[in-house]
Amino acid sequence: MSSKIVVVGMGYVGIPCAALFARVDDFHVVGVQRKSQRSGWKIDCINQGNCPIGGVEPGLSELIAEVVGRKKFHVTDDISTCRDAAAILIDVQTPTDSSNVPQYESLESVSASIGKYLSRETLVVVESTVAPGTTQNLVKPILEQESGLKAGVDFYLAFSFERVRPGRLLRNIISLPRIVGGINEKSSRKAFDLYSRIVKDKIYVTDCLTAETTKCVENAYRDVNIAYANEMALLCERLGVDAYEVRTLTNTLPNVDVHEPGAGVGGHCLPKDTWLLLYGVEKYGKPENRKVQIMTGAREMNNYMPQHMANLVRQALSEAGRKVKGARIAILGLSFLENTDDTRNTPALPLINILEKWGADIVVHDPHVRNSTDVNLTRDLKTAIQGSDALALVTKHEIYSELDPDEIRSFMRTPVIIDGRNVYDRASFQAKDIIIKSLGKSID
Ligand code: SAJ
């Protein structure tokens, strides 16, 4: 008989992970998804063999169709399916609130439900990113209390994080090194054995706290690097030099890898993982008076970029003799990452809010996002551009590189472009009398 793997949370991590485990011969997988208003539709969608994730996701639709067709994978809202599972993976969202405090309601309630149906010998793995210390101090006591079993003895518990990025969901799970950290040696060994069935690269075994910390640290590292690039870009603008050229030249030095400046940093991870790290340190670490500056400064820098984009819009419109108030502005790209439909913490939203506060009439274009209750969204580029006074490019979707200066000139009411992702060659737009401001470049 095949072993049952339960994956709780059918999101950007849970779905590809479940589908990959379902491909393993001696496993069958049950996904658990709440029947919520926002996400409940995914249950039927997957059970019909379809992929609920949009954008360009190589191999995922085919894999879901295959494993659902072979009855190796189905989704339910009934968490009692955890009974008799060989392994249960927790892939629920762990956002932070407006004060940067982690919101663990989902993690806590899912842990309690799992605990109720937990069997002896089952391995539970937390895959959601959490503040260091959370698996030991929050998840473990809930599981033990609800199940009456002892962690590390009667059942096993580990933390093992994903490294997925929209657009590379399957590839990153299979091909990147994996870190697993159990609460004891046997838990680590069990987790190692499980992931060795789907991960082709090396699996590193460590303790639970180190694994949790590593996840937060690697995302904070990326956030700091992007903040450096953004600050560098703002300085280059003031000097009147091209930050992207400076970046290319700087990166000719071995060991230097300046990241890309841009219209902002979004996603489920980078905007919050610094806060998870600092929360864990404050809650479970030793007290210390020195203020953390680099990581928090990076957060502040990256959060400023939508404001900077709005300033560039205002400046460009003013050169065209228009005010933001009453201008029709098309935002190009709602998702936070190119060629995906993922809008979590997108920098497009703060930009839209600022421009709307200034009195602009906003239309948003995105070829991948299906619908949005927050903004006036169209998937037709011509509809967005037609009659607008400015185009503000936030996301580097492939389709935007094809925009033709002649077409823009004929469709727009005022030919103004603000390029937040270094997509356009300024000279060819300026040659057609289009006002173009490019983030990180001379803003004269
Ligand atoms: N961005 C820049 N400049 C850059 C790189 C990114 O402005 O040079 C912006 C992007 O436009 C986007 C945001 O940052 O808005 C995040 O982009 P990302 O490429 O980091 O995408 P994520 O957030 O999906 O992926 C990150 C990755 N973390 C690291 O590389 C350390 C990924 O490996 C993690 O799995 C993922 O977070 C996660 O789930 O934690």
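In each ligand, atom 1 is the first atom listed, and ligand 1 is the first ligand listed.
- More than 12 heavy atoms of other shown residues, nucleotides or ligands fall within 6.0 angstrom of atom OH in Tyr304.
- Heavy-atom contacts from other residues, nucleotides or ligands closer than 6.0 Å to CD of Gln103 number more than 12.
- Of the polar atoms of Asp273, none of the N or O atoms is found under 3.5 Å from an N or O of ligand 1, judged by distance alone.
- When Phe336, Tyr228, Tyr12, Phe161 are ranked by how near their heavy atoms come to atom 23 (O) of ligand 1, first place goes to Phe336.
- Side-chain N/O atoms of Gln315 and Asn311 include no donor and acceptor closer than 3.5 Å.
- Heavy atoms of Cys269 approach ligand 1 to within less than 4.0 angstrom.
- Contact between Gly262 and Asn230 at its shortest, heavy atoms only, is N-OD1, 2.9 Å.
- Ligand 1 is approached by Gly264 to a heavy-atom distance shorter than 4.0 Å.
- Around atom 5 (C) of ligand 1, the closest heavy atom drawn from Lys396, Arg222, Glu338 belongs to Arg222.
- Taking a cut-off of under 4.0 Å to the non-hydrogen atoms of Val164, the atoms of ligand 1 that pass are 32 (C), 34 (C), 35 (O), 36 (C), 38 (C), 39 (O).
- For His268, the closest heavy-atom approach to ligand 1 does not fall below 4.0 Å.
- Ligand 1 does not have Thr129 within reach: every non-hydrogen atom of the residue lies 4.0 Å or more from it.
- Counted by atom type alone, Thr81 and Lys4 present one or more donor-acceptor pairs between their side chains at under 3.5 Å.
- Residue contacts with ligand 1: Met305 is excluded, as none of its non-hydrogen atoms falls under 4.0 Å.
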